[in-house]
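A, B, ... follow the sequence lines: proteins, then strands. Residue 1 opens every chain.
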Amino acid sequence: MRRKPTCKIQKSKSLLNTGSIMEYNFSAIEKKWQAQWKQDHAYRVSNESSKPKFYVLDMFPYPSGSGLHVGHPLGYIASDIYSRFKRLKGFNVLHPMGYDAFGLPAEQYAIEHGVHPAVSTAENIDTFRKQLDNIGFCFDWDREVRTSDPSYYKWTQWIFLQLFNSYYNRLTQKAEPIAQLVTVFEKEGNIKHVCPGDHAIRFSAMEWNNYTHKQQQDILMNYRLAFCGYGEVNWCEALGTVLANDEVINGVSERGGHPVVKKKLRQWYLRITEYADRLLDGLQTIDFSEAMKEMQTNWIGKSSGAEISFQVEATDGRNGLHLHVYTTRPDTIFGVDFMVVAPEHELIERITSDEQKETVEAYIAYVKSRSERERQAEKKITGAFTGAYALNPFDGRKIPVWISEYVLAGYGTGAIMAVPCGDERDYKFAKHFNIPITNIIGDAYNGEEANATKDAKLENSGFLNGMVMRDAMEVVIDKLEDMGIGKRKVNYKMRDAAFSRQRYWGEPFPIQWKNGVAVALSETELPLELPAVDHYSPGPEGEGPLANIPEWVARELETNTMPGYAGSSWYFLRYMDPHNQNVFCDRKASDYWNQVDLYIGGTEHAVGHLLYSRLWTKVLCDLGYIGFDEPFRKLLNQGMIQGSSRFVYRLLWKFAGTERVLDQAKLPQVFISKGIVDELHKGNKEIEERYKTELLNLLKQTYSGSVSFIHSIDVVALHVDVNIVDGVELDTKAFKQWKPDFADAEFILEDGKYICGVEVEKMSKSKFNTVNPNTLVDKFGADTFRMYEMFLGPVEQSKPWDTKGIEGVHRFIKKLWRLFFDEQKGKQWDEEKATAAELKVLHRTIKKIEDDTERFSFNTAVSTFMICVNELSDLKSHKREVLESLLIMLTPYAPHIAEELWHQLGNTSSVLDAAYPVYNASFTAESEKEYPVSINGRVRTNISISLDATEAQVKEIVLGNEMVQKWMEDKPLKKLIFVKGKMINVVI
RNA sequence: GCCCCGGUGGUGGAACUGGUAGACACGCAGGACUUAAAAUCCUGUUCGCCGAAACGCGAGUACGGGUUCGAUUCCCGUCUGGGGCACCA
């Protein structure tokens, strides 16, 4: 960036005129440079550069109505530091920001307040942006995107159409245009292309060609990567709407507490299961934490086993019914004591006996009210016997068929064979319903708990007897295949991703329904804009609000909208080429920027967003639109900043033996200090009596009625705004002003103070534990705020917010300032040559800051800056040579003060593009080491020894040492451990 | 319930590959400067014991075991806090 020096000096003087230039006036400095950088487009990034590229991305924020709290910027500061660091290191750095602007909260707000989501979202974004700007981020705002903007979602719709018009070719292991598949069908039917949506669909070329258009389209729907099907949703009759999982609590709606049941609705899905293996394999090529990879692996849940068909004795005498189960342990087939099928299983109706009908129906009704989560988490064992029996194919044993909620319809075949001696859940179920348990593993089963071993020898297992379980698996599968009643099967826990919402505020599907056939709009019709509506209530039969718009319905347009993750699955590509009208992202741009080199965000997206965006990337890559099939090369997970909530304890008035009923509303609100509450809860009678008396006196003063006795003291804990609490001490005056309710509050104090309770929780407005970054920036400046957020601890770690330590970081920055300016004497720096001691401090710092920044250890980097400034202050060092290097290193962390001092030193170009100092090891070399010397692992003394010394020399020195001899007490030396440059251990 | 992560002084944390536990800060205590305050600077600060003092002894990284010359770090078990579990984003 180019600036005119004369203009700069005038500006800095005029802006700094509130005090002496020697004073650290952070607000003037920060405003000045933010304005200057903006004017100079200092953060504009070009797609054309001779420098190597580097792409740093923050996870897409949803602009919520409550604005930013101190937890949000943690990751943004980390990515900002890294971006600036890479820029100083000579990279062309892309560091964009935008908004995931569609979402449920805005729609909910619209329903409640009648404000159009587009309006409230735009307002939220404004607030968000102002807060972000305050902190001095280096985002290239020219590249901002908003998912709710038609110019953006035009391309979301376009990509959806690519998914809709593609299928996964298992032969080539990639997505291909469905038109190609049609050509194949015309020539050879689907012999080579098993139908992923329904394995039973098989046809020859002739059959295909004879199908009607509708029949063909129905078949193709079973191949498409974006397809329509039916799925269960949380349906709330009373609200007439579909609810999100987190809007359902204990089977009733969060709002209003109305009953919620499962309802089948037509839904769009993405056929992510076809990509299961590639999503799994891809994990090996990307730098995510092991924990993250493990979570994704578990989510995909690949397992291999067998699908086995059991003959079922139908109660109505009909034959030929079969129950298909999936098991990973075919070796335990002789240990099957019962079957469990999901309550949704279609066979239930046909196999339930007359005697059990009522029980089964009642049980199914119960399960309908339960969420999937509740079903899996429940400790209570429930189930019902169908009255039917399956037959063990090998020994003909009759096996009772049960239904239970712990078996989910969506996983495997929705039915399991239960082996209580080998599976804990089966064991508990058997015990609970008194089903006899067969032991097939001899001593390995102790009769008190299941043993899931694979290494026991089988007993009671017919032809498998004596075989080790692990080996028996293949034998059983082979036999089943020979008998034609089972086959080897790979199974995935992952299901196809539901891709529609019965909501308004999301991307419309570019789909028309013509005679029951989904027809894609042509590209020229995109974007299909979201129509304006007056109200946001749901349409008929659980359809979305779009179903209420006559013109929409008349055009036969899809009334569902896309879910929240649609726009966020590909946004990292749009940033590369945000204004392109002709294509979602020019291939040249995506070839240049390629993968995101560093992606920062929380683990809460582990299996949602991160899997979906990996899927979209793979599809786009398969279809040739981009050149890479993993979006994020490296992922850094930021921890969550939790809130530290404060509580006050309000007295619950309880009386006994009162002649008159007291008007509760007239009673004073009394708040009891934490320490006293604790004593009361401990059952301290003495305290209780004392405060009963005190309360009684209070009551007599404020209440005219005659009261003689307070029954017991009980309290209710209420959240109190953390901003009116100093540590744990409540500002009682501020508390009275906080809410009108509390204006006349009375306090029972301890040692003259009101002490609050403390708890760590999620940071949220409703808990009054949020801290606004703006307040801190106003008070200490953005540079201090940035460094303090980093100083809190490792970015990856979750921790509760505590503002207290911020003073220490602020002191450090002021101390740094004093290396340059003395309040009395003014300019402090000089042009002299740095001494060896100063260079040693500097180069140790260069090494550490560089290493720490590179490995995202920003907290230790801040410490290192502190140590450096402390040491330079101690040395009374003010050499420009040293200070300039220090400023460059500081730029990523505290850009404003760095730029200001950089210019004060007389530089005319920006510090943002300075050359990063180069570490020179010769300045930090040591010749001696003060070794800690341990006797049997316990440090007893320190001995300085030359780093050149050989082990023999070291041994001589150590054993000759007085202290060592004293501790050895003439015992013989067993061993001497010498780790060069580290330590010495004398073993006796 | 299942999957993942964490637990170190009064507090946030440091110790990067198994090698001096507590760097750097906060807080607290004492002191200097000041009429005073703020700011700044200096000293001390894991706990217990002994002591005038210590570079004196012992314990110590959630708890219980194990491996090792040596464990905050690796292994097994327990407790406990957090995140996710498919329509919050």
Side-chain angles (χ1 to χ4, degrees), chain A residues 59-62 64 100 102-105 108 231 233-234 242-248 267 289-295 297-299 301 372-379 406 410 425 493-503 563-565 568 602-609 611 637 639-640 642 727 760-762 788 791-794 796-802 804-809 811-812 814-815 818 823 851-852 855 857 859-860 862-867 870 873 930-934 936-942 963 974-977 979 981-988:
Chain A
M59 279 189 190
F60 220 13
Y62 174 77
S64 89
D100 191 8
F102 278 130
L104 216 49
Q108 196 51 45
V233 294
N234 300 312
V242 175
L243 296 176
N245 281 337
D246 65 333
E247 294 177 302
V248 184
Q267 303 282 347
S289 70
E290 284 310 310
M292 181 63 60
K293 290 182 182 180
E294 215 167 316
M295 277 190 266
T297 303
N298 292 339
W299 179 265
E372 207 167 277
R373 179 98 46 90
E374 286 169 332
R375 285 172 57 172
Q376 287 174 289
E378 190 58 75
K379 282 186 186 170
Y406 78 88
R425 217 156 27 163
K493 211 185 302 177
M494 181 168 66
R495 307 194 291 258
D496 282 328
F499 194 69
S500 47
R501 304 290 181 258
Q502 290 68 46
R503 296 286 178 174
Y565 65 84
S568 62
T603 49
E604 65 271 24
H605 299 284
V607 290
H609 161 65
L611 269 180
N637 288 119
M640 182 175 282
Q642 292 143 325
V760 173
E761 312 174 278
K762 243 186 183 167
Y788 181 59
F791 190 60
L792 274 179
E796 301 98 314
Q797 223 167 79
S798 291
K799 55 233 151 195
W801 178 263
D802 185 359
K804 277 209 160 155
I806 198 168
E807 305 262 3
V809 175
R811 258 173 233 155
F812 150 75
K814 284 194 287 191
K815 194 165 178 178
R818 287 200 301 273
E823 280 192 33
D851 286 356
D852 285 356
R855 67 188 176 97
S857 180
N859 57 325
T860 53
V862 176
S863 303
T864 303
F865 280 122
M866 289 174 171
I867 293 168
N870 288 346
S873 301
E930 174 119 329
Y931 282 97
V933 180
S934 306
N936 283 345
R938 193 89 190 137
V939 180
R940 296 302 179 182
T941 188
N942 290 297
M963 198 65 144
K974 262 195 210 148
K975 203 160 147 194
L976 185 111
I977 311 252
V979 182
K982 290 276 185 191
M983 48 69 69
I984 295 159
N985 190 11
V986 179
V987 186
I988 52 172

Worksheet item: Which base, if any, makes a Watson-Crick or G-U wobble pair with B:rG19, both distances under 3.5 Å?
Response: B:rC69
Discussion item. Between A:Ser934 and A:Met292, which residue's closest nucleotide on RNA chain B lies nearer the 5′ terminus?
Written reply: A:Met292
Worksheet item: C1' atom, B:rG27 versus B:rG10: distance in rounded Å?
Response: 8 Å
Worksheet item: In terms of side-chain heavy atoms of A:Asn942, which of B:rC24, B:rU20, B:rG58 is nearest?
Response: B:rU20
Item to complete: Answer yes or no: is there a donor N or O on one side and an acceptor on the other, between the side chain of A:Arg503 and the main chain of A:Val242, under 3.5 Å?
Response: yes
Worksheet item: Does a side-chain heavy-atom distance below 4.5 Å link A:Val933 with A:Met963?
Response: no
Fill in: Under 3.5 Å on both distances, the Watson-Crick or G-U partner of B:rA32
B:rU40
Worksheet item: Between B:rG83 atom P and A:Glu796 atom CD, what is the distance in whole Å?
Response: 18 Å
Write down the protein N/O and nucleotide N/O pairs, taken from nucleotides 8-19 of chain B, whose separation is under 3.5 Å; answer none if there are no such pairs.
| residue | atom | partner | partner atom | Å |
| --- | --- | --- | --- | --- |
| B:rG12 | O2' | A:Leu792 | O | 2.5 |
| B:rG13 | O5' | A:Leu792 | O | 3.3 |
| B:rG13 | O3' | A:Asn859 | ND2 | 3.3 |
| B:rA14 | OP1 | A:Asn859 | ND2 | 2.7 |

Practice prompt. Decide yes or no for A:Trp299 and A:Leu611: does some side-chain heavy atom of the first lie under 4.5 Å from some side-chain heavy atom of the second?
Written response: yes
Discussion item. To the closest 0.5 Å, what do you measure between OH (A:Tyr62) and CZ (A:Phe102)?
Written reply: 10.5 Å
Worksheet item: Is B:rG56 in the syn range, within 90° of 0, or in the anti range?
Response: anti
Worksheet item: Paired with B:rC79 by Watson-Crick or G-U wobble geometry, both distances under 3.5 Å: which nucleotide is it?
Response: B:rG7
Worksheet item: Can you check whether A:Ser798 reaches A:Gln642 side chain to side chain, under 4.5 Å on heavy atoms?
Response: yes
Worksheet item: Which nucleotides of nucleotides 84-89 of chain B have their base under 4.0 Å from a protein heavy atom (B), which only their sugar-phosphate (S), and which neither (-), written as one string 5' to 3'?
Response: SBBBBB
Worksheet item: Is the closest side-chain heavy-atom distance between A:Met866 and A:Lys815 below 4.5 Å?
Response: no
Worksheet entry | Whole-angstrom distance between B:rG66 and B:rA71, as gauged at atom C1' | 11 Å
Worksheet item: Can you tell me if A:Lys974 uses its side chain to pair, donor with acceptor, with the backbone of A:Val986 under 3.5 Å?
Response: no
Worksheet item: Between A:Thr860 and A:Ser857, is a side-chain hydrogen bond (donor to acceptor under 3.5 Å, both in side chains) present by the stated rule, with each step listed?
Response: CA-CA 6 Å; A:Thr860 53; A:Ser857 180; 2.5 Å; yes
Response to the item:
Counting primed atoms, P, OP1 and OP2 as sugar-phosphate and everything else as base, the B/S/- map of nucleotides 38-50 of chain B against protein heavy atoms under 4.0 Å is -SSS---------
Item to complete: For B:rU8 versus B:rU80, give the span between their C1' atoms, rounded off to a whole number of Å.
Response: 15 Å
Worksheet item: With the threshold set at 4.0 Å, does a side-chain nitrogen-carboxylate oxygen contact exist between A:Glu796 and A:Arg855?
Response: no
Practice prompt. Please measure how far the C1' atom in B:rG56 lies from the corresponding atom in B:rG65, and state the result in whole Å.
Written response: 32 Å
Practice prompt. Rounded to the nearest 0.5 Å, what's the gap from CE on A:Met292 to OG1 on A:Thr297? Could you check?
Written response: 11.0 Å
Worksheet entry | Whole-Å C1' distance, B:rC24 and B:rC75 | 33 Å
Worksheet item: Can we call the ring centroids of A:Phe812 and A:Phe791 under 6.0 Å apart?
Response: no
Item to complete: Round to a whole Å and report the spacing from OH of A:Tyr788 to P of B:rC24.
Response: 18 Å
Item to complete: Using whole Å, report how far CD of A:Glu294 lies from P of B:rC2.
Response: 15 Å
Discussion item. Taking the P atom in each of B:rA25 and B:rA32, what is the distance between them to the nearest angstrom?
Written reply: 24 Å
Worksheet item: Given the P atoms of B:rA36 and B:rG44, what is the spacing between them in whole Å?
Response: 26 Å
Worksheet entry | Side chain A:Asn936, main chain A:Ile988, donor-acceptor under 3.5 Å | yes
Worksheet item: More 5' along RNA chain B: A:Val809 or A:Ala291, using each one's nearest nucleotide?
Response: A:Ala291
Discussion item. Does the structure show a Watson-Crick or G-U wobble partner for B:rA59, both distances under 3.5 Å? Name it, or say none.
Written reply: B:rU46
Discussion item. Measure CZ/A:Arg940 against P/B:rG56 and give the value in whole Å, please.
Written reply: 10 Å
Discussion item. Applying the Watson-Crick and G-U wobble criteria at under 3.5 Å, what pairs with B:rG12? Answer none if nothing qualifies.
Written reply: B:rC24
Discussion item. Between B:rG64 and B:rC69, how many Å separate the two P atoms, rounded to a whole number?
Written reply: 23 Å
Practice prompt. Report the base-pairing partner of B:rG1 (Watson-Crick or G-U wobble, both distances below 3.5 angstrom), or none.
Written response: B:rC85
Worksheet item: Roughly how far, to the nearest 0.5 Å, is the CD atom of A:Gln267 from the CG atom of A:Asp496?
Response: 12.5 Å
